[in-house]
Amino acid sequence: MQNNIMKKENEIALLVGLDLGSAGEDFERSMDELALLADTAGAKVVDRMVQNRNNPDKTYYIGKGKVEELAALARMHDADLIIFNEELSPSQIRNLDKMIGIKVIDRTALILDIFARRALSKEGKHQVELAQLHYLLPRLIGLGNQLSRLGGGIGTRGPGETQLEVDRRVIRKRISDLKKEIMLLRKHRSLHRQRRKRNQCHVISLVGYTNAGKSTLLNSLTGADLYTENKLFATLDPTVRRGTLSGGQEALYTDTVGFIEKLPKQLVTAFQATLEEIAAADILLHVVDMSHNDHLRQIRVVREHLVKIDPDYYMREIIVFNKIDLADEDVDKLYLAREFPNSLFISALEKKGLEELKEKIVAFIREQRSTIHVYLPYSEGKLLSQLQEQGEIESIEYQTDYLKISATVNADLARKLQNYLQP
């Protein structure tokens, strides 16, 4: 049951971070990003508290003295909400709630809340609810007092208060039902991908850090009218649109959920069906917000996510530096072009550089396909099916022990057939 009622038009929030000493500028950037996430969720951030420690406190995450300061700061600002920059343990949340007396959530709960608000499709809603329930299940004990104070608001969207109060067994049953629903959706997506392969349709997946401009680029490439907004996770549900490349070739573009540092593991697990679209794509357009002052770190974060989805992602990656119209003049394009040789500079909003991008995609597709001659044993029926579905067979000769086949195939299929290049 969705619960989007907020106590106030904008909840007053305090941010809390623990600087362990080795993060340096990364810590400040992480706190700034937490402020953007809070703003996206509808909170008004009025102050932030930082503590320097070697290790988190097991009981309160920050020291007990700092908790008392935090409680005083919350009273001074009449705050409704305190947001911690790291995931807290269930006992830490209970202890902090008991000492401070107002709602305490962590970065994970905040991102889950944003996803709950953004999810519009049945698939998206199911995946978000599954992630939220996995997060909430170990935190149910002791939440009763806190729930009585929530009255809705950030951190309570999605399953809602009523569902949190029910028996654990019922929530586990709901998790089981959601997993079955998502498994059916995964099978449905798999059938769609197989159909695309049979139809020799090139699939291009747009990936990148949240708010890099993926949806704007998809709109510009396909003439679609996807919702865009200058906020984190403005779009969440995966989208597929048809577009044309240079020379009139058709392609399918897929827009996927944006990545972010410290993306909750519950979301990564729940959104497996969506992330499989990335693994199945022929090309990955890695969209980078060139105007962001930390775009190099964002590239690194996205690549860390991609390698978990597909270790060979880099073979299909084209870096697209977007928002050149907003980038500072001192951004070193020569350095970026040298560091990322397979890259382009565009403005999706102003449609600058799009023809060059389409030409790059066509050339990339051409490079990825090659003509090979294989000697395939009759027992390899599965590989033969893949050849027929994904390749362009030019000739087949039926020999005593094998099929001698000449075909044009993509790089992925060529790798699978490496063992059959000799009779």
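When reading the values below, keep in mind they use all heavy atoms of this one structure, side chains included, and skip hydrogens, waters and symmetry mates. In this chain, numbering begins with 1 at the start of the sequence shown.
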Which residues satisfy the salt bridge (charged side-chain N to carboxylate O under 4.0 Å, His left out) test with Glu261, sequence neighbours excluded? Arg297

Does the side chain of Lys323 reach to within under 4.5 Å of the side chain of His292, using non-hydrogen atoms? no

Throw together a table of side-chain donor-acceptor distances under 3.5 angstrom for residues 336-348, partners on residues two or more places apart or in other chains.
unit_1: Asn342; atom_1: OD1; unit_2: Lys360; atom_2: NZ; d: 2.9
unit_1: Asn342; atom_1: ND2; unit_2: Glu317; atom_2: O; d: 3.0
unit_1: Ser343; atom_1: OG; unit_2: Phe340; atom_2: O; d: 2.4
unit_1: Ser347; atom_1: OG; unit_2: Asp325; atom_2: OD1; d: 2.9
unit_1: Ser347; atom_1: OG; unit_2: Glu350; atom_2: N; d: 3.1

If every non-hydrogen atom of Ile93 is compared with every non-hydrogen atom of Val104, which pair is closest and at what distance? CG2-O, 4.1 Å

Tightest non-hydrogen contact, residues Ile102 and Ala79, listed as CD1-O, 3.6 Å

Partner residues of Glu367 under the side-chain contact (heavy atoms from CB on, under 4.5 Å) criterion, sequence neighbours left out: none

Where is the tightest heavy-atom contact between Val45 and Ala38, given as atom of each residue plus distance? CG2-CB, 3.7 Å

Between Arg174 and Glu129, is the closest basic N to carboxylate O distance under 4.0 Å? yes

Residues that Thr222 engages under side-chain contact (heavy atoms from CB on, under 4.5 Å), provided they are two or more places apart: Leu218, Ala224, Arg241, Tyr253

side-chain contact (heavy atoms from CB on, under 4.5 Å) filter on Pro264, not counting sequence neighbours, yields Thr108, Ile111, Gln266, Leu267

Where is the tightest heavy-atom contact between Val16 and Ile82, given as atom of each residue plus distance? CG2-CG2, 3.7 Å

How would you list, by chain and number, every residue that makes a ring-ring contact (aromatic ring centres under 6.0 Å, His included) with His188, sequence neighbours excluded? His192

Under the rule for side-chain contact (heavy atoms from CB on, under 4.5 Å), what residues qualify as partners of Val268, not counting sequence neighbours? Leu263, Leu275

Of all residues at least two apart in sequence or in a different chain, which pass the side-chain hydrogen bond (donor to acceptor under 3.5 Å, both in side chains) check with Glu304? Arg300

Can you list every side-chain hydrogen bond (donor to acceptor under 3.5 Å, both in side chains) pair that touches residues 42-59, not counting sequence neighbours? Asp32-Arg48, Asp47-His77

Qualifying residues under side-chain hydrogen bond (donor to acceptor under 3.5 Å, both in side chains), relative to Ser89, sequence neighbours excluded: Ser91, Gln92

Side chain to side chain, His286 and Arg316, heavy atoms closer than 4.5 Å: no

Exercise: identify the closest heavy-atom pair between Ile278 and Ser205: CG1-OG, 3.9 Å

Is it true that Asn85 and Ser30 share a donor-acceptor pair across their side chains at a distance under 3.5 Å? yes

Parallel, tilted or perpendicular: ring planes of Tyr378 versus Tyr398, cut at 30 and 60 degrees: parallel

To check you understand the geometry: which heavy-atom pair defines the closest contact between Gln132 and Ala116, and what is its length? NE2-CB, 3.8 Å

By ring-ring contact (aromatic ring centres under 6.0 Å, His included) - contacts of Tyr135 (at least two apart): none

Check the surroundings of atom NZ in Lys416: do more than 12 heavy atoms from other residues, nucleotides or ligands lie under 6.0 Å from it? yes

Partners meeting ring-ring contact (aromatic ring centres under 6.0 Å, His included) with Tyr420 (sequence neighbours left out): none

